[in-house]
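Here's the structure, in structure tokens; my notes come after.
Protein chains get the first letters and strands the later ones, always in sequence-line order, with residue 1 at the start of each. Quick caveat: nothing in here was measured; it's all calculated off a predicted structure.
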Amino acid sequence: MKIYSTLTRTKEELVPLAPKEVRMYVCGVTVYGVSHVGHARSAIVFDVIRRYLAFKGYRVTFVKNFTDVDDKIIKRAQEEGVSPSELSERYIAEFYQDMEAIGVLRADIEPKATDHIPEMIVLIERLLAGGFAYVVDGDVYFEIRQFPGYGRLSGKNLDELLAGARVEVDERKRDPRDFALWKSAKPGEPSWPSPWGDGRPGWHIECSAMSMRYLGESFDIHGGGEDLMFPHHECEIAQSEAATGQPFARYWIHNGFVNLGAEKMSKSLGNILTIRELVKRHDPDALRLWLLGTHYRNPVEFAEERVRETARALERLRGLIIEAERLSVPGIDGRYPNALERGYPEAWLAAIGHGELTRRAHPCVERFTDAMDDDFNTPGALAALFDLSHELYRYREAVGQGGKRADAFANGVRLLARLGWALGLFQRPAEGVAPSPARAAQAEPLVAEREQARNQRDWKRADELREALRKLGATVEDTPTGPRLKWERT
RNA sequence: GGCGGCGUAGCCAAGUGGUUAAGGCGGAGGUCUGCAAAACCUCUAUUCAGCGGUUCGAAUCCGCUCGCCGCCUCCA
């Protein structure tokens, strides 16, 4: 399969350092506030990448960090009159809640910067010993001139960076572009002892230290939002490769932004839309489906209406799962909340049990994996999924005729659910939106009475009751097996 | 100023040198239905911002023009 790497700006064949094993590190969040749609996109993109690699049969080790010490955290903690660690712990808990709400699996390892100060100190010492860094008044800086590759990832040359003249002017630095590895302690700020005096780590060093700790000095994939390309990832490469003399990450993956209207969304602009708010209004699967409808490297513009449209498309796919479950096929197993399973599309195709349906499903599955193999082309994969759903509905229409069998249909749906799993879809109960118990209790007698009216061919009364149910938020669908309620999201 | 990206149907969005330009939403007609809903069938871009060029052949490559956006500073 091919992955676009920012480092080379081309799609490259994925060749992991160890066969059949992928080690990936993704820069997580700085925990000083609630997460927004942009974080959701990044989390979902890498969740899908991780899932699909597992689906392909790779053993994936996925590390995603928390930055729990930095200027913003300290500032916010002071404003709120709590300790920085209290603040970061709170937002870590919030982050987990949000991720669960949108169906993002936990990473295998989720390290916090403050738990890895010793590793960072060791790394900084290596850099000092190698002549890549220098100490000034308890601060340690990385000297970028000592690392010729600096600027390669972001495609910047050093002179342009200087010409930009936005770099912080600090007389003590040998070069204005040098960046801090260690910052000396200021009163009232958290600090740790170090060979250079009490202080705290610079931003970039944590990711180098933690990725090396858990994945080794060289690993396969390093990812994050496109904004992290420079300076963060650029600095990570410099300090890591300077320290080890080894190539750091092999493939660099950056996801595009979520814009709000014409503007980018960011905490500093204050125009954020939180995940918390979003999942109140939208089905999490609709949110995911909407996000995956655009390739991960392209920007996407958020609009409530787009997500609502996507929810209608989702209903089509989900209708199949509901249908299959109604055929009492036990547990459509597209849902594996905590298990990463490798995929065997060929076996699943064969397991359908009816040659005709297998034959029709086959090209859909192939297009699905071809699209995903091509730099995680989720829009292409979704197109294949919709085509598969189409084939399944067609087949279901004809069940009972010409050898078409309900069990084959259900097996086909199971295949669809498995493909969906690789995208993180269909992991919740297929019924989707569940009514509150109170509403369900209210609806029950109305449905019963309506059935009675229909049996007596009292269409007027039946329609009144349909209307009454609609006011409760439920749409009635009459099916051969009886009425079915579809609840609105409230 | 430097670097990079984008402009495909009413809307969203794949495709990046060669059969009929995916898919979704929306819309039109039909089947089914007491009526609906869902599903199914048919249709909905002779054309890919514009203009030139390369090529037997371009939405796809090159040049120019217009429009939009991102990064260069904390940010997913």
Could you tell me the Watson-Crick or G-U partner of [N], where both distances fall under 3.5 Å? Say none if there is no partner.
N      : answer
B/rU60 : none
B/rA14 : none
B/rC6  : B/rG67
B/rU55 : none
B/rC43 : B/rG27
B/rA22 : none

Could you give the [atom1]-to-[atom2] distance, from [X] to [N], as a whole number of Å?
X        : N      : atom1 : atom2 : result
A/Arg457 : B/rA36 : CZ    : P     : 15 Å
A/Glu323 : B/rA39 : CD    : C1'   : 9 Å
A/Glu315 : B/rA37 : CD    : C1'   : 12 Å
A/Tyr91  : B/rC75 : OH    : C1'   : 16 Å
A/Arg360 : B/rC40 : CZ    : C1'   : 12 Å
A/Phe386 : B/rC12 : CZ    : C1'   : 12 Å
A/His295 : B/rG70 : NE2   : P     : 20 Å
A/Lys156 : B/rC3  : NZ    : P     : 10 Å

Touch class at under 4.0 angstrom, heavy-atom based, for [X] against every strand present:
X        : value
A/Glu305 : nothing
A/Gly28  : sugar-phosphate
A/Leu228 : sugar-phosphate
A/Val26  : nothing
A/Arg450 : base
A/Gly319 : nothing
A/Asn298 : sugar-phosphate

Please tell me whether [X] and [Y] form a close aromatic pair, meaning their ring centres lie under 6.0 Å apart.
X        : Y        : result
A/Phe95  : A/Phe66  : yes
A/Tyr395 : A/His354 : yes
A/His204 : A/His233 : no

Knowing that exactly one of A/Asp478, A/Asp463, A/Asp458, A/Asn455 qualifies, which makes a side chain to side chain donor-acceptor pair (under 3.5 Å) with A/Arg450?
A/Asp478

Any [X] side-chain N or O less than 4.0 Å from OP1/OP2 of [N]:
X        : N      : answer
A/Trp290 : B/rC25 : no
A/Asn377 : B/rG15 : yes
A/Arg367 : B/rG23 : no
A/Arg316 : B/rA38 : no

Residues forming a salt bridge (Lys or Arg N to Asp or Glu O under 4.0 Å) with A/Glu80, sequence neighbours excluded
A/Arg90

Nearest of [options] to any side-chain atom of [X]?
X        : options                : result
A/His390 : B/rC40, B/rC72, B/rG34 : B/rC40
A/Val29  : B/rA76, B/rG70, B/rA13 : B/rA76
A/Pro379 : B/rA14, B/rA39, B/rA76 : B/rA14
A/Arg9   : B/rG4, B/rA76, B/rA39  : B/rG4
A/Ala383 : B/rC74, B/rG23, B/rA13 : B/rG23
A/Glu309 : B/rA76, B/rG24, B/rC72 : B/rG24
A/Arg394 : B/rG24, B/rG4, B/rC40  : B/rC40
A/Glu477 : B/rA37, B/rC40, B/rA76 : B/rA37
A/Phe257 : B/rC35, B/rA76, B/rC71 : B/rA76
A/Tyr393 : B/rA76, B/rC72, B/rA39 : B/rA39

Using the [atom1] atom on both, measure [N] against [M] and round to a whole Å.
N      : M      : atom1 : result
B/rG50 : B/rG67 : C1'   : 11 Å
B/rC48 : B/rG7  : P     : 14 Å
B/rA14 : B/rC35 : P     : 42 Å
B/rA39 : B/rC32 : C1'   : 9 Å
B/rC62 : B/rU16 : P     : 15 Å
B/rA9  : B/rG24 : C1'   : 13 Å
B/rA59 : B/rG52 : P     : 15 Å
B/rG17 : B/rC51 : P     : 23 Å

Check ion pair [X]-[Y] (N to O, under 4.0 angstrom):
X        : Y        : result
A/Glu315 : A/Arg312 : no
A/Asp139 : A/Lys173 : no
A/Asp373 : A/Lys2   : no
A/Lys112 : A/Glu89  : yes
A/Glu323 : A/Arg484 : yes

[N] base / [X] side chain donor-acceptor hit below 3.5 Å:
X        : N      : result
A/Arg466 : B/rA36 : yes
A/Asn259 : B/rG70 : no
A/Asp478 : B/rC35 : yes

Pairwise 5' ranking along RNA chain B for A/Arg306 and A/His232, keeping only the more 5' one
A/Arg306

Would you kindly compare A/Ser389 and A/Arg297 by the position of their nearest RNA chain B nucleotide and give the one closer to the 5′ end?
A/Arg297

